[in-house]
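I have placed the structure first, in the form of structure tokens, so that the comments after it can refer back to it.
Atom set for the values below is all heavy atoms of this structure, side chains included, hydrogens, waters and symmetry mates excluded. Labels below follow one simple rule: chain letters A, B, ... track the order of the sequence lines, proteins then strands, and each chain is numbered from 1.
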Amino acid sequence: MRIGYPCINRGIGCTGAATFRLKSYSEERLIATVKGNLACLDAVLRYNLAHDILFFRITSDLVPFASHPVCTFDWSAHFGETLARLGEFARCHRFRLTMHPDQFVLLNSPSDDVNARSIAELLYHAEVLDAMGMGPDAKIQIHIGGAYGDREGSLARFVRRCAVLDRRIRRRLVVENDDRLFTLADCVRVSEDAGIPVVLDWFHHQVNSSGESLKEALARAAVTWGPSHGPPLVDYSSQKAGARQGSHAESIDMGDFASFLAESDPHDFDLMLEIKDKEASALKAVASARGDPRFLGKGP
DNA sequence: AATGGTCAAGTCAGC
DNA sequence: GCTGACTTGACCATT
């Protein structure tokens, strides 16, 4: 088990997700921004290594506008050496790296335009991980998408679109249950037809459940992961007290997390903590997981 | 230097 | 019909 947090480190004083307005796009601006983002990614990975946080989600903002028509710059060639060096560092230290495109990426949209933009965005994500030289365990996770008034048709459209994806995308694609429309059971069906693994989002599963206990849910998701895919990925979050069901807490609930660790035993997986205070909660979770035989790190 | 409106992109639920 | 939520921040015009 590796433990991680998404995209941003709040404590080390740099941001790897700097962007700018489309209006102010220029090649110079792009190069300067990406250069800064990569330098920060380097610093974050080093911080993470020093704290036994061996799982990290790379921000989709790493290369702003990469999939937008305005960007004709060959960023993967220009930053190829830097990306390769970062990837080598990550592999050398057994990092698990993933990416999670945002809500605009909808493989199953009935709109051809939305679909085309989504595929362009997915290809950008694949190119980042490819340029880093990451193996097929470096995943790109998305949701099934919209229902468009026809859940079954929309599930089938996802599977069809999946089948004709560029190989660079398809080998990394994984599908995650969401908090409103598509449950774990829906994702498992998609997985059987599309041949891609399922990320269990335990928090979403509690809000939009297909009925499985934690152990059952982990088992159902686990069988969708083949040997080349790496350990299963699981997303975890804490409910924000007093807020709407499904809203993410500011900080991790350590009591809940301890129960999660106990109840999930003996399943092994890499765990992404979707908590607002990022590395602060990851540090607490790592401390709590030490001593668990599943935990992957230097030890105390 | 601080602030608040706004930002490439989509969809759905709840008012 | 509009707004907020989604993994939520961060930019930048204005003061």
Roughly how many Å apart are [M] and [N], using the [atom1] atom of each and rounding to a whole number?
N	M	atom1	result
B/dT6	C/dG4	P	12 Å
B/dG5	C/dT3	C1'	15 Å
B/dG10	C/dA10	P	23 Å

Ignoring backbone atoms, test whether [X] places a side-chain nitrogen or oxygen under 4.0 Å from the OP1 or OP2 oxygen of [N].
X	N	result
A/T59	C/dT7	no
A/H204	C/dT7	yes
A/S24	C/dC12	yes

For this session: Hey, could you give me the NZ/CD1 distance between A/K284 and A/I275, rounded to the nearest 0.5 Å?
Result: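 Going from the NZ atom of A/K284 to the CD1 atom of A/I275 covers 9.0 Å.
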For this session: Enter the distance from A/R157:CZ to A/S109:OG here, rounded to the nearest 0.5 Å.
Result: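 Result: 7.0 Å between the selected atoms.
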Problem set entry | A/Y5 side chain reached by A/L271 side chain, heavy atoms, under 4.5 Å |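 No, side chains not in contact.
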For this session: For DNA chain B, write out the stems as range with range, using runs of 3 or more consecutive Watson-Crick or G-U pairs with both distances under 3.5 Å.
Result: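 When the pairs of DNA chain B are grouped into runs of at least three, the stems are B:1-7 with C:9-15, B:10-15 with C:1-6.
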Exercise. Are A/F104 and the base of B/dA9 stacked, counting only ring centres nearer than 5.5 Å and planes tilted under 30°?
Worked result: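 Answer is yes, a stack.
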Exercise. Where the side chain of A/F20 is defined as all heavy atoms beyond and including C-beta, which of C/dC12, C/dG9, B/dG10 is the nearest nucleotide?
Worked result: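 The answer is C/dC12, which lies nearest to the side chain.
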